[in-house]
Amino acid sequence: AQSVTQPDIHITVSEGASLELRCNYSYGATPYLFWYVQSPGQGLQLLLKYFSGDTLVQGIKGFEAEFKRSQSSFNLRKPSVHWSDAAEYFCAVGRSNDYKLSFGAGTTVTVRA
Amino acid sequence: NAGVTQTPKFRVLKTGQSMTLLCAQDMNHEYMYWYRQDPGMGLRLIHYSVGEGTTAKGEVPDGYNVSRLKKQNFLLGLESAAPSQTSVYFCASSRYSGRTADTQYFGPGTRLTVL
């Protein structure tokens with residue numbers, strides 16, 4: 001079975017500062033990795049995904065994530081946060097022989113002026 | 001192109017009442033999913049479907065039933081609602097990808113309260 005851990009429940013960051021959200025997974029083979037964002041009262045929107053190839057992937061809204069196999073991690077980063085980035089972020093993991101995804105518990109990001 | 005839509009957006013039920021949540025997608029996706037979202041628990045899969053006429057249990061299926069009579073629609077039913085089913089329900093869909101994970105596209109959610 002695979003599991004996904006997002007160690008940080010809540011992060012507060014100043015506008016303009018950098019942001020890093022952590023995601024760790026447990027799965028024996030190469031995982032399929034996703035980051036989703038959920039704005040208040042909205043559904044989930046895909047930010048980026050990793051299936052194979054370059055381990056640094058670029059997404060929408062200026063986000064990027066890096067797959068590190070040795071650390072079983074897929075951390076999300078943004079160099080300079082905007083107030084509109086305040087939201088809840090979910091990491092999700094899939095695998096090559098199953099169409100289902102497992103989601104982490106989420107990290108809520110608050111942006112202060 | 002509306003993507004994934006959910007009906008209704010909000011609902012309040014009394015314990016023991018029944019209801020059906022409707023999910024519709026216009027992307028011709030093969031796979032569809034129902035999740036519930038509870039604080040601190042992320043999204044948990046209730047049921048899913050890999051094609052018209054097929055359904056399967058997910059992680060937390062008890063108390064729910066589903067049907068996929070048409071490819072574009074996926075219905076989630078609560079036969080006898082309980083307060084523990086108070087949650088936000090999300091529907092998602094994804095394209096055919098063999099037995100491989102792929103991007104799931106989400107609806108806006110249905111907020112259900114059971115009194």
Side-chain angles (χ1 to χ4, degrees), chain A residues 1-10 21-52 57 59-60 65 67 74 87-108, chain B residues 2-7 9-10 21 23-25 27 29-51 54-61 74 87-111:
Chain A
Q2 64 213 34
S3 67
V4 186
T5 303
Q6 294 182 243
D8 304 302
I9 297 173
H10 191 192
L21 304 181
R22 296 182 289 164
C23 174
N24 295 98
Y25 65 89
S26 63
Y27 175 53
T30 299
Y32 290 59
L33 298 162
F34 305 81
W35 274 102
Y36 284 87
V37 60
Q38 183 183 29
S39 298
Q42 304 294 314
L44 278 71
Q45 180 184 21
L46 180 72
L47 281 176
L48 47 78
K49 62 186 178 184
Y50 171 80
F51 287 179
S52 64
V57 294
I60 62 171
F67 170 53
F74 189 55
E88 189 162 17
Y89 293 80
F90 292 94
C91 181
V93 178
R95 55 191 184 188
S96 60
N97 63 348
D98 193 355
Y99 16 67
K100 301 191 295 294
L101 300 181
S102 295
F103 285 83
T107 299
T108 299
Chain B
V4 180
T5 58
Q6 293 182 232
T7 308
K9 288 185 170 52
F10 303 93
L21 282 68
C23 175
Q25 53 94 3
M27 297 175 282
H29 283 171
E30 204 67 34
Y31 308 146
M32 296 186 75
Y33 315 83
W34 275 107
Y35 294 91
R36 60 178 290 172
Q37 183 182 32
D38 302 292
M41 304 190 74
L43 275 74
R44 293 182 292 169
L45 183 65
I46 304 171
H47 286 281
Y48 63 101
S49 168
V50 299
T54 71
T55 63
K57 294 180 180 180
E59 182 183 354
V60 288
F74 195 28
S87 187
V88 181
Y89 292 85
F90 287 99
C91 177
S93 70
S94 62
R95 67 184 179 94
Y96 175 78
S97 57
R99 280 190 63 86
T100 299
D102 203 347
T103 302
Q104 293 184 12
Y105 297 85
F106 284 81
T110 294
R111 186 173 294 275

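Reminder, nothing fancy here: chain letters follow the sequence lines and each chain counts from 1.
Using a 4.5 Å cut-off between heavy atoms, B:V4 does not touch chain A at all. Residue contact with chain A, scored on non-hydrogen atoms closer than 4.5 Å, involves the backbone and the side chain of B:T103 alike. Looking at A:L44, the atoms closer than 4.5 Å to chain B (heavy atoms on both sides) sit in the backbone and in the side chain alike. Using a 4.5 Å cut-off between heavy atoms, B:L45 touches chain A through its side chain atoms alone. For A:E88, the part lying near chain B is the side chain, with the backbone staying farther off; criterion is any non-hydrogen pair under 4.5 Å. For a residue to count as touching a neighbouring chain, one of its non-hydrogen atoms must lie under 4.5 Å from one of that chain's; by this rule B:Q37 touches chain A with the side chain only.
For the atom pair CZ of B:F90 and CD of A:Q38, the computed distance is 4.5 Å after rounding to the nearest 0.5 Å. To the nearest 0.5 Å, atoms CD (A:Q45) and CZ (B:F106) are separated by 12.0 Å.
Annotation: salt bridge (Lys or Arg N to Asp or Glu O under 4.0 Å) contacts involving residues 26-39 of chain A, sequence neighbours excluded, are absent.
Considering every non-hydrogen atom in both B:D102 and A:L101, the closest pair reads O-CD1, 4.2 Å. Residues B:G40 and A:A105 come closest through the heavy atom pair O-CB, 3.5 Å. Residues A:Y36 and B:Q104 come closest through the heavy atom pair OH-O, 2.8 Å.
Within 6.0 Å of CD1 on A:I9 lie no more than 12 heavy atoms contributed by other residues, nucleotides or ligands. Counting heavy atoms of neighbouring residues, nucleotides and ligands inside a 6.0 Å radius, atom CZ of B:R111 does not exceed 12 of them.
Aromatic rings of B:Y33 and A:Y99 (six-membered ring for Trp) have centroids beyond the 6.0 Å cut-off, not under it.
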